[in-house]
Amino acid sequence: MKIVILDGHAANPGDLSWEALKDFGELTIYDRTDKEDTIERSKDADIVLTNKVVFGRKELEQLSQLKYIGVTATGYNVVDMEAAHERGIIVTNVPAYSTESVAQAVFAHLLNITNRVEHYADQVRGGKWSESPYFCYWDTLLTELSGKTFGIVGLGNIGMRVAAIANAFGMKVAAYTSKSQEALPPYITKLSLDELYAECDVLSLHCPLTDSTHQMINRESIGKMKSSAILINTGRGALISEEDVAAALKNNRLRAYCTDVLCEEPAAVDNPLLQCENAFVTPHNIWATHESRSRLVNVVINNVRAFIEGHPQNAV
């Protein structure tokens, strides 16, 4: 049995271990794989593990030995599922491994806007407080979350966890979701999308990227929102129009935009959001806590074990 990891560095830059996979066969690990190297590196493999390396129909048709693709992430859009099923290739993913880390980061972003802790620590180090004639010092708007409305688009694992945390902060929680009101905890109010835009002080995106959600946040939808609203995106970059959000920020039609995802990654140097002082972009790393990556690696290994033992788990 030959096992190949094509882009192992993202999940495991060296602080975790793939050693358990050696119990199942010959293991080859690549930190990253360019598109032109995919076939060559996978051609003799029975099992391939991939995070962002794409396996479309063209690639799969050239890999006659391949029996299993383990996606080392929750999203599995890197695999042409129709082509994989036609060829009898089992595909698995890793659901819900980063829920706690992503939910935590949503509020790290939010609290950065409302409390500006790093900004004030820098100001103190720079002498601003020492120079103040008053016992206290601030030069930005400071905001209390309690009583504000936290809007959520999508109530999957992460959306539900974010809702619970927002509730713990004393916020009113509203959501646009396919779930019925009766199926929701009593602290979540189901709203239409337009109602959510109009009422929320914070809007957090946790829905999948589909034809219907592509650039759902655009000039028109921003026009329905409060100009004081904070927009958070930890889903997919293309859930928003980056040009429209950047324009809204510059024209004071949004208070802030916080995101861990962009349409093009790594960030293009001319991305309009990078020119906005009130856009806060983290480099697609909020999932990557040590705890989250440990869960990911453990599930990946267990997925491979289950496949070899003849009872695949987390198959998609």
Side-chain angles (χ1 to χ4, degrees), residues 73-75 93-117 142-210 213 216-217 225-226 228-237 239-240 254-261 280 282 284-296 298-299 314:
T74 302
N93 71 339
V94 185
Y97 71 94
S98 64
T99 298
E100 295 297 332
S101 293
V102 174
Q104 173 181 308
V106 167
F107 289 89
H109 267 294
L110 180 55
L111 292 170
N112 176 54
I113 302 302
T114 59
N115 292 76
R116 302 298 299 276
V117 172
L142 300 173
T143 304
E144 186 174 277
L145 293 178
S146 181
K148 302 294 189 299
T149 298
F150 193 107
I152 301 172
V153 180
L155 286 177
N157 290 316
I158 295 173
M160 288 296 290
R161 187 70 183 109
V162 167
I165 297 171
N167 179 60
F169 270 106
M171 304 185 78
K172 301 171 187 175
V173 183
Y176 177 72
T177 175
S178 60
K179 295 180 171 69
S180 68
Q181 181 65 66
E182 293 71 29
L184 300 178
Y187 59 81
I188 300 179
T189 301
K190 180 174 179 172
L191 296 178
S192 71
L193 204 49
D194 283 349
E195 288 172 331
L196 197 68
Y197 290 148
E199 295 186 20
C200 66
D201 299 292
V202 181
L203 180 63
S204 194
L205 306 180
H206 299 285
C207 53
L209 178 61
T210 65
T213 62
M216 64 181 294
I217 303 300
M225 297 169 63
K226 299 177 182 178
S228 58
I230 298 168
L231 176 62
I232 304 174
N233 182 10
T234 57
R236 290 290 182 266
L239 292 173
I240 72 152
L254 280 175
R255 178 175 173 183
Y257 178 54
C258 309
T259 187
D260 189 55
V261 287
F280 299 86
T282 49
H284 206 141
N285 68 357
I286 62 173
W287 64 276
T289 62
H290 187 271
E291 293 82 359
S292 175
R293 290 183 297 104
S294 294
R295 284 191 292 271
L296 173 67
N298 287 337
V299 174
N314 296 317

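Just so it is clear, the values below take in all heavy atoms, side chains as well, and ignore hydrogens, waters and symmetry mates.
Applying the salt bridge (charged side-chain N to carboxylate O under 4.0 Å, His left out) test to pairs two or more places apart or on separate chains, none has a residue in residues 163-190. Contacts classified as ring-ring contact (aromatic ring centres under 6.0 Å, His included) and involving residues 177-199 (residues at least two apart or in different chains) are not found.
The salt bridge (charged side-chain N to carboxylate O under 4.0 Å, His left out) check on R255 picks up nothing, with sequence neighbours excluded. With sequence neighbours left out, the ring pair (Phe, Tyr, Trp, His ring centres under 6.0 Å) criterion links F150 to F107. Partners of S204 by side chain to side chain donor-acceptor pair (under 3.5 Å), not counting sequence neighbours, listed by chain and number: H206. With sequence neighbours left out, the salt bridge (charged side-chain N to carboxylate O under 4.0 Å, His left out) criterion links R116 to no other residue.
Remark: the backbone N or O of N157 is not paired with any side-chain donor or acceptor of T99 at under 3.5 angstrom. A donor-acceptor pair under 3.5 Å links the side-chain atoms of T213 to the main chain of T210, judged by distance alone.
A side-chain donor from one of D260 and T282 sits under 3.5 Å from a side-chain acceptor of the other.
The environment of CZ in R293 is crowded: more than 12 heavy-atom neighbours from other residues, nucleotides or ligands sit within 6.0 Å.
In this structure, CG on L191 lies 9.0 Å from OG1 on T149, to the nearest 0.5 angstrom. Atom CG of N233 is separated from atom CD1 of I240 by 6.0 Å, given to the nearest 0.5 angstrom. Here L145 contributes atom CG and N115 contributes atom CG; the two are 7.0 Å apart, rounded to the nearest 0.5 Å.
Contact of the I113 side chain with the Y257 side chain is not registered, since no non-hydrogen atoms from C-beta on lie closer than 4.5 Å. Side chains of M171 and D201 form no contact here, defined as non-hydrogen atoms less than 4.5 Å apart.
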